[in-house]
Enquirer: 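Got a structure for you, questions after.
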Amino acid sequence: MRRFLRYLGAPIAAIAIAATWGALPAGADTTRVVHSGQSIQAAVDASRPGDTIIVQQGTYAENVEIHKNDLHLIGHGATVVPPAAPHAGSVCADPSDPTSWSGFCVIAPGSDFVNGIVASYLKGTEIRGFTVKGFGGNGFIAFGAQDTEVTNNSFLENGEYGAAAFTSKQTTFERNVSKHTGEGGEAGFYIGDSPTARAQLDHNVASGYTFGIFERDAFGVHAEHNDLYGNCVGAISLADAPGPAGHLVLDDNNIHDNTKFCPPEPGDEPPISVSGVGVASAGGTDNHVHENRITGNVPSQPADISGGIVVITGGPGGTPPTHNHMTSNIVKNNGVDIFWDGTGSDNLFFDNHCTTSAVDPNLCKK
């Protein structure tokens, strides 16, 4: 994400110019069909708000950018892979740095990504039915978007995020698969810098990342029926800089076998390694973790932070966790089932089916 942010500092004027793209004459909604060998981006550029673009089976080497309201992109066996170079006029990718490229990029025209300023929200984007793989940056990324629906996609082996939304509202990630192997990979699904996120994450799969689901400096993520495994951390609410973060609701998720080891990041002070974490609230507030199955989260190497449920002070400013309610979960066969560092206030642990708890040995007692 840092690479992407650095690059977007330069083309803000280009994004502002792009504000005129959505101002097209009113007319009947159109359905366009893109066949193998044709360009998805050309269809997007030719479309008006309300249009649908059907992308037929095939492999499309391009980075697709959307700066118009209410476009619906539907893939029928379509796979999007990195192009030899970003398309002309791209505002989402540095041509000299493939690690900044994303498969789909949705950015509100006239907005300032670097300073987190949205001129007006870009509304109603739908991305459905695609396989997006091998991008150095992200499978899908949005900034300044509202009512975005990303459903039934596969995001495979993308370098930073599978699917991410920054400074956005009412994002839906549903029935997607996000997988990563090897080193790197920040998060399968990310909601960040969004104080009124009201995001919905349902029936997704995330595996092989630092974080399966990552809520950072955001409020209002409801995640249920997700399968999170093979990450360093299954799901986390992190109050980083500037924070705060919270109102993460996790219901009826399967959060298991998150055994990947993540060493300290360069420049971390103090250096912190993570492995074997199911769910974490690191400085989060008003998070509710209820009726989840949190099992088999065991560190694969000795780590500074591990546990089935972890509640700790987090972020550079040392934000204490508050009003976190961890209730009625099955929390078993983890390195330690519940770890609370004792900081913060009104953090409740009850009716969890667990065996071991650190710091306070009574957290697993009925």
Enquirer: Minimum heavy-atom separation for Asp94 to Trp101, with atom names?
Expert: O-NE1, 2.8 Å
Enquirer: Between Asp252 and His225, is there a side-chain donor-acceptor contact under 3.5 Å, judged purely by atom types and distance?
Expert: yes
Enquirer: Group every Ile, Leu, Val, Met, Phe, Trp and Tyr by side-chain heavy-atom contacts under 4.5 Å, then state whether Tyr229 and Val274 land in the same group.
Expert: no
Enquirer: Look at the side chain of Gln41 and the backbone N and O of His87, then say whether any donor-acceptor pair between them is shorter than 3.5 Å.
Expert: no
Enquirer: Once the angle between the rings of Trp340 and Phe349 is folded into 0 to 90°, is it parallel (under 30°), tilted (30 to 60°) or perpendicular (over 60°)?
Expert: tilted
Enquirer: What closest approach, in Å, do Thr259 and Ser300 show between heavy atoms, and which atom pair accounts for it?
Expert: O-OG, 2.6 Å
Enquirer: Is the distance from the ring center of Phe214 to that of Tyr209 below 6.0 Å?
Expert: no
Enquirer: Are Asp351 and Ser328 close enough that a side-chain donor and a side-chain acceptor fall under 3.5 Å?
Expert: yes
Enquirer: Between Gly308 and Val331, what is the shortest heavy-atom contact and its length?
Expert: CA-CG1, 4.2 Å
Enquirer: Consider side-chain contact (heavy atoms from CB on, under 4.5 Å). Of Asn153, Asn152, Val80, which one does Ile127 pass it with?
Expert: Asn153
Enquirer: Compute whether any side-chain donor of one residue and acceptor of the other, for Thr172 and Glu149, lie under 3.5 angstrom apart.
Expert: no
Enquirer: Assess the side chains of His323 and Asp346: does a donor N or O sit below 3.5 Å from an acceptor N or O?
Expert: yes
Enquirer: Compare every heavy atom of Tyr190 with every heavy atom of Phe173, then report the nearest pair and how far apart it is.
Expert: CE1-O, 3.9 Å
Enquirer: Is there a donor-acceptor contact under 3.5 Å linking the side chains of Gln57 and Ser36?
Expert: no
Enquirer: Does Phe189 share a hydrophobic cluster with Leu156, counting links as ILVMFWY side-chain heavy atoms below 4.5 Å and allowing steps through other members?
Expert: no
Enquirer: Side-chain donor-acceptor pair under 3.5 Å between Thr52 and Thr31, yes or no?
Expert: no
Enquirer: If the test is side-chain contact (heavy atoms from CB on, under 4.5 Å), which one of Thr285, Asn324, Thr322 qualifies with Ser345?
Expert: Thr322
Enquirer: Taking all non-hydrogen atoms of both residues into account, name the closest pair between Gly144 and Ala108 and its distance.
Expert: O-CB, 3.2 Å
Enquirer: Grab the two heavy atoms, one from Leu228 and one from Asn231, that are nearest each other, plus how far apart they are.
Expert: C-ND2, 4.0 Å
Enquirer: Are Glu65 and Ser90 close enough that a side-chain donor and a side-chain acceptor fall under 3.5 Å?
Expert: yes
